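Take a look at the structure below.
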Amino acid sequence: MGSEEITAGEESRSHFKQLLAIGLIASVLGVALGLLIDWFPPQGSTQAETVDTVWDVLIIASVPVFVLVMTVVLYCVWRYRMKPGEELKDGPPIHGNTRLEIIWTAIPAILLVGLCSYSYVALTDIEEAQANELRVRVVGEQFTWTFYYRDESGEEFSSPQLYVPKDRPVHFTVQSLDVIHDFWVPAFRMKIDAVPGIDTELRITPRRAGVYPVICAELCGLGHSVMRQSAHVVEQAEFDDWVQERAAAAAEGGGGEEAGGEAPDGEAIFTGDLGCGGCHALADAGTTGGTGPDLDENLAGRDEAYIEESIVDPSAEIADGFQDGIMPTNFGDRLEPAQLDALVKYLAEVTD
Ligand code: CUA
């Protein structure tokens, strides 16, 4: 590195060779380490392969740059350190080196343009529309996700958990009811903001059956860290069964918006659209959510008035160990009076 500028003669040449050797060995070790470390969760989508390859290319391109800079810095600190008796000495006055400056501007520029072009092509490729896409509408709100699907007849139904069939491309339309959230399934590698007032889009093709976390990746309020649900990647046949089941449950009146002719079913409301079970454990409904209080414990011996207040005005009394402002405050508006009544009666009955 411009050794002839700083010192002259055989000695500095041998130092330069040492520097180069150290830099090369450290680069090879750094790149090997960077590629060996298992940075990410399992590759849950076909997009994950491309994204992970982009990551590897970035490691290969950036580790040598980091090592080069660090080697030069550390070498200079050691070689040109001040020795006793040199306190008043100053280095020789030097002028810049035009050739060196052109080189250190051109190389990073080429590297940067190359990496940007490559990433752009990779991203465009994995975001391309596919044939036979499943459409899922994802709605974020403080502090939960709701996933909307259409059954065979075109009727919309919802789920507090994400279900997608393996190997079928999925097209998500992402929306928000309040503030900015960010829909992210790390195993799928793709993520996109949920912005109030506009629809954003995301495409993935699940390729590995399993259950993966769905995470909100945008600071959205007190409950941001608990805005987590799960994505279930299942075989197509299992997915079809699930759709039928959910659609039938929605038609029965489990939905928050519909008021059926028959008396609403409290348990269906609890496990339905509102996503109560996503946050609360309740043995009777088989839910295990841990974001909010365990209802078997918390509602034991409580009367209906207390349960109703907890639903429509969750801030009135906060259970020990939990924080105010996490549970949505709009359940009173979202439930028909008959539904609220059925839900309260159901909870009072099963937590007695
Ligand atoms: Cu929603 Cu963070």
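Sequence positions, counted from 1, serve as the residue numbers for this chain. Please read these numbers as outputs of a predicted model, since none were measured by experiment.
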Which atom names give the shortest non-hydrogen contact between [X] and [Y], and what distance separates them?
X: A319; Y: P293; answer: CB-CG, 3.6 Å
X: A217; Y: W184; answer: CB-CE3, 3.8 Å
X: C220; Y: C216; answer: SG-SG, 3.9 Å
X: A194; Y: W145; answer: CB-CZ3, 4.3 Å
X: Q229; Y: P160; answer: NE2-O, 2.7 Å
X: R207; Y: T46; answer: CG-N, 3.8 Å

Report yes or no: do [X] and [Y] belong to one cluster of Ile/Leu/Val/Met/Phe/Trp/Tyr joined by side chain heavy-atom distances under 4.5 Å?
X: L123; Y: F172; result: yes
X: Y80; Y: L19; result: yes
X: F143; Y: I215; result: no
X: L68; Y: L74; result: no
X: V51; Y: L202; result: yes

Is the shortest side-chain heavy-atom distance between [X] and [Y] below 4.5 Å?
X: V65; Y: L111; answer: yes
X: F183; Y: D193; answer: no
X: E317; Y: S310; answer: no
X: I204; Y: P206; answer: yes
X: P196; Y: I180; answer: yes
X: E297; Y: T351; answer: no
X: M190; Y: E127; answer: yes
X: L115; Y: L58; answer: yes

Next on the checklist: For a side-chain contact (heavy atoms from CB on, under 4.5 Å) check, start with the C-alpha distance between E133 and V170, then their side-chain angles and the critical distance, and finish with the verdict.
Outcome noted: CA-CA 5 Å; E133 284 176 335; V170 189; over 6 Å; no
Item to check | Step-by-step side-chain hydrogen bond (donor to acceptor under 3.5 Å, both in side chains) determination, D324 to S315 | outcome: CA-CA 6 Å; D324 188 17; S315 301; 2.8 Å; yes
Taking the side chain from [X] and the backbone from [Y], do they hold a donor-acceptor pair closer than 3.5 Å?
X: Q161; Y: S230; value: yes
X: E309; Y: Y306; value: no
X: W39; Y: G34; value: yes
X: S176; Y: V195; value: no
X: E201; Y: H171; value: no
X: T200; Y: I192; value: no

Hey, could you give me the [atom1]/[atom2] distance between [X] and [Y], rounded to the nearest 0.5 Å?
X: L88; Y: M82; atom1: CG; atom2: CE; result: 9.5 Å
X: M227; Y: E218; atom1: CE; atom2: CD; result: 10.5 Å
X: D167; Y: S45; atom1: CG; atom2: OG; result: 11.5 Å
X: K345; Y: I307; atom1: NZ; atom2: CD1; result: 11.0 Å
X: I37; Y: I59; atom1: CD1; atom2: CD1; result: 7.5 Å
X: H280; Y: L347; atom1: NE2; atom2: CG; result: 9.0 Å

More than 12 heavy atoms of other groups within 6.0 Å of [X] [atom1]:
X: E87; atom1: CD; answer: yes
X: K89; atom1: NZ; answer: no
X: R137; atom1: CZ; answer: yes
X: F66; atom1: CZ; answer: no

Side-chain donor-acceptor pair present, [X], [Y], cut-off under 3.5 Å:
X: Q244; Y: D240; answer: no
X: Y346; Y: D284; answer: yes
X: Q130; Y: R203; answer: no

Is the shortest side-chain N to carboxylate O distance from [X] to [Y] below 4.0 Å?
X: R168; Y: E235; answer: no
X: E155; Y: R150; answer: no
X: E49; Y: R189; answer: no

Next on the checklist: For V344 and I311: C-alpha separation, side-chain torsions, deciding distance, then whether side-chain contact (heavy atoms from CB on, under 4.5 Å) applies.
Outcome noted: CA-CA 8 Å; V344 169; I311 297 170; 4.0 Å; yes
Checklist entry - How are the rings of H232 and Y163 set relative to one another: parallel (under 30°), tilted (30 to 60°) or perpendicular (over 60°)? => result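 Parallel: the ring planes of H232 and Y163 meet at under 30°.
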Checklist entry - Considering residues at least two apart in sequence or located in another chain, which fulfil the side chain to side chain contact (heavy atoms under 4.5 Å, CB included) criterion with A122? => result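 Here the qualifying residues are T50, V54.
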Item to check | Working for side-chain contact (heavy atoms from CB on, under 4.5 Å), residues V233 and Y212 | outcome: CA-CA 8 Å; V233 178; Y212 310 100; 3.7 Å; yes
Checklist entry - Can L35 and V31 be said to form a side-chain contact (heavy atoms from CB on, under 4.5 Å), step by step? => result CA-CA 6 Å; L35 295 181; V31 169; 4.0 Å; yes
Item to check | Ring centres under 6.0 angstrom apart (Y149, W242) | outcome: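 Yes: the rings meet the under 6.0 Å criterion.
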Next on the checklist: Can you list everything that forms a salt bridge (Lys or Arg N to Asp or Glu O under 4.0 Å) with D313? Sequence neighbours excluded, please.
Outcome noted: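 For D313 there are no salt bridge (Lys or Arg N to Asp or Glu O under 4.0 Å) partners, ignoring immediate neighbours.
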